[in-house]
Amino acid sequence: MIRAIQHVIWQILILATCIASALHIDNINHNNVYANLTDSFYSIAIPTPVSNPYLISFNTRVANLIGIDFTLNDTDKMIQYFSGNKLIPGSKPIAMSYSGHQFGYYTPQLGDGRAILLTQIKSPNNQTWDLHLKGGGRTAYSRGGDGRAVLRSTIREYLGSEGVAALGIPTTRSLCITGTDDPVYRENVETGAMLIRVAPSHIRFGSFELQYYSKNQYNVKVLADHVIEEHFSIFKNCKNKYSLFFEQVVRRTAVMIADWMSVGYENGVMNTDNMSILGLTIDYGPFGFVEEYDPDWVVNHSDDEGRYSLRNQPSIGLWNLERLSLALSPLDHGSGLFLKNMTNLLADFMNIYNEHYYMNMNKKLGLTIISDYAQEDRDLVDNLLDAIIGVDYTNFFRELSSTDVFVKNIFVKRKEKFSTWVESYKKRLLKEPNSDFEERSQRMKKTNPKYIPRTHAMQTAIEAAQSKNFSIVNDLLNLYQNPYDEHPEYEEYSLPAPKGFKNTLTCSS
Ligand SMILES: *[C@@H]1O[C@H](CO)[C@@H](O)[C@H](O)[C@H]1NC(C)=O
Ligand SMILES: *[C@@H]1O[C@H](CO)[C@@H](O)[C@H](O)[C@H]1NC(C)=O
Ligand SMILES: *[C@@H]1O[C@H](CO)[C@@H](O)[C@H](O)[C@H]1NC(C)=O
Ligand SMILES: *[C@@H]1O[C@H](CO)[C@@H](O)[C@H](O)[C@H]1NC(C)=O
Ligand SMILES: *[C@@H]1O[C@H](CO)[C@@H](O)[C@H](O)[C@H]1NC(C)=O
Ligand SMILES: *[C@@H]1O[C@H](CO)[C@@H](O)[C@H](O)[C@H]1NC(C)=O
Ligand SMILES: CC(=O)N[C@H]1CO[C@H](CO)[C@@H](O)[C@@H]1O
């Protein structure tokens with residue numbers, strides 16, 4: 001009887017937590033399930049304090065997403081927690097271990113060299129979130145590095161990940177940036193900063209590879225079971241759970257890359273340790289959005305062979321999934337059936353990719369009747385991309401959304417190819433239930449963004465932030481979080497890089 005009453009009270013309490021929209025940081029529900037694995041999967045890592053940390057930008061959208069609340073009074077506390085100077089009571093900070101294929105070659109020991117998983121929390125709606133501190137100092141995997149991050153790369157990740165999220169693409173998120181005046185020594189002396197990265201999990205393909213190549217087959221199973229339990233729990237009692245899990249990874253990876261390709265996003269470092277097991281865009285390094293459209297564009301100037309060029313992303317995604325399937329092969333237990341299933345699932349990757357990619361692209365063209373396999377609709381996309389080589393990718397589609405192309409010209413370099421395309425577009429639109437331009441334009445403006453994180457615009461924000469003016473960082477955050485709105489007062493940030501803008505991305509971050 002008493003137990004029953006207790007149960008009711010407990011239920012009411014839980015209900016109250018659900019109604020309360022957010023938890024105060026000190027009352028957060030920690031849910032350190034990853035740290036509950038054995039230390040083959042991580043090393044304990046305590047952040048190294050910095051002097052006089054200050055807040056650079058705070059993203060309330062992500063705070064709401066993960067259900068934590070800060071009253072203004074708590075700014076100081078928040079800065080202490082999120083710079084790594086103090087630990088949120090109940091945290092279990094660790095650096096995750098992994099290995100991976102870098103530029104095609106296996107590297108045995110990688111791991112979080114400048115990131116620390118501070119804690120995992122459970123939001124009021126029961127979703128688990130990793131709070132990852134980037135730039136928090138040395139870990140067991142830092143090798144020669146200092147474990148710090150520079151303001152420059154931190155702002156790029158903050159704005160980049162929020163922009164990618166707002167375009168509807170699965171990605172890790174960014175909660176806030178804090179700064180310090182402690183110098184960080186790179187090629188030059190730079191300003192240091194700390195980023196709080198947030199995701200349901202930071203487990204990578206490389207997390208599995210590390211166990212596989214250390215010949216620890218049991219741990220491959222432990223990690224797979226962990227991921228299934230935490231992220232694919234509907235499969236956990238199925239006999240073929242590993243096949244179902246692998247199918248999800250294949251599908252999510254294909255969809256993520258199709259999304260990248262339709263907005264012209266280039267990841268830049270698709271090493272297997274930079275691939276999320278949940279199909280999230282992760283590790284914003286030399287990433288970028290193509291401006292003058294060129295399928296062979298390579299954002300990393302030192303990637304001479306163009307391994308990670310725009311057009312190579314789908315095939316590299318598949319190559320990475322093949323490496324993952326090898327790492328998962330011990331789960332087969334000798335029957336050959338799981339291996340066979342993985343082979344079949346990999347064989348389906350390009351179909352899933354193409355289906356999703358052409359669906360996205362057909363939407364960008366304002367089509368509503370979308371048939372995955374209509375060759376005519378795929379040709380319409382391919383022929384257009386061939387015609388717009390050399391013009392700004394994002395602005396072209398935005399212009400196509402606002403200009404009636406049958407009435408007024410849009411500037412392209414390949415005029416003849418484009419006018420042939422316009423004729424085929426006109427013909428295709430006749431099949432739509434409504435060929436009215438205004439109606440199509442409204443729809444297209446909700447799928448063709450005006451504002452995407454452009455390297456030169458972010459550079460402006462970085463330079464201002466280096467002189468302690470954070471207003472442009474916050475302005476750009478707002479623009480990239482609302483990429484389909486006009487914001488006429490910010491027009492300049494929708495423009496391509498000015499002639500002569502030198503992309504000064506370097507390897508150091
Ligand atoms: C960690 O493992 C212990 C022992 O199995 C268990 O009691 C506890 O609930 C686990 N914690 C989490 C957060 O899963
Ligand atoms: C916030 O600070 C003000 C003044 O310092 C104080 O009066 C108020 O009670 C504080 N509020 C909370 C929620 O702590
Ligand atoms: C959260 O999980 C608890 C138990 O695990 C459950 O009782 C509760 O209904 C869940 N709340 C929501 C909002 O899903
Ligand atoms: C392989 O896939 C088939 C078809 O989906 C399924 O019935 C079978 O259980 C899977 N086998 C394994 C070992 O996962
Ligand atoms: C760019 O590519 C080069 C050559 O493959 C590689 O060594 C370097 O690490 C890459 N840069 C970044 C920032 O990933
Ligand atoms: C910060 O930069 C913005 C944009 O350039 C400018 O309008 C503002 O006045 C600057 N703020 C300060 C305090 O200098
Ligand atoms: C941006 C980023 O974090 N990229 C990482 C990708 O993986 C390589 C190792 O393969 C790291 O060195 C990069 O830092």
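Atoms within a ligand are numbered from 1 in the order they appear, just like the ligands themselves.
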| message | Below the 3.5 angstrom mark, is there an N/O of Asn36, backbone or side chain, next to an N/O of ligand 1? | response | yes
Under a 4.0 Å threshold between the charged nitrogen and the carboxylate oxygen, would [Y] count as salt-bridged to [X]?
| X | Y | answer |
| --- | --- | --- |
| Asp259 | Arg252 | no |
| Asp225 | Lys241 | yes |
| Lys445 | Asp485 | no |
| Arg323 | Glu209 | no |

| Heavy-atom pair with the smallest gap, counting every atom of Tyr106 and Leu210 | OH-CA, 4.1 Å
| query | Quick one: which of Asn274, Asp273, Asn271 gives a side chain to side chain contact (heavy atoms under 4.5 Å, CB included) with Leu110? | reply | Asp273
| said: Within 45 degrees of the ring normal and closer than 6.0 Å to the centroid, is that where the cationic atom of Arg156 sits relative to Phe287? | reply: yes
Can you give me a line-by-line list of nitrogen or oxygen pairs between ligand 4 and the protein shorter than 3.5 Å?
residue: ligand 4; atom: 2 (O); partner: Asn341; partner atom: OD1; Å: 3.0
residue: ligand 4; atom: 2 (O); partner: Asn341; partner atom: ND2; Å: 2.3
residue: ligand 4; atom: 11 (N); partner: Asn341; partner atom: ND2; Å: 2.9
residue: ligand 4; atom: 14 (O); partner: Ser243; partner atom: OG; Å: 2.5
residue: ligand 4; atom: 14 (O); partner: Asn341; partner atom: ND2; Å: 3.3

| message | Could you check whether any heavy atom of Ser471 sits closer than 4.0 Å to an atom of ligand 6, since that is the contact criterion I want to use? | response | yes
| remark: Under 4.0 Å from one or more heavy atoms of Asn31, ligand 1 contributes atoms 13 (C)
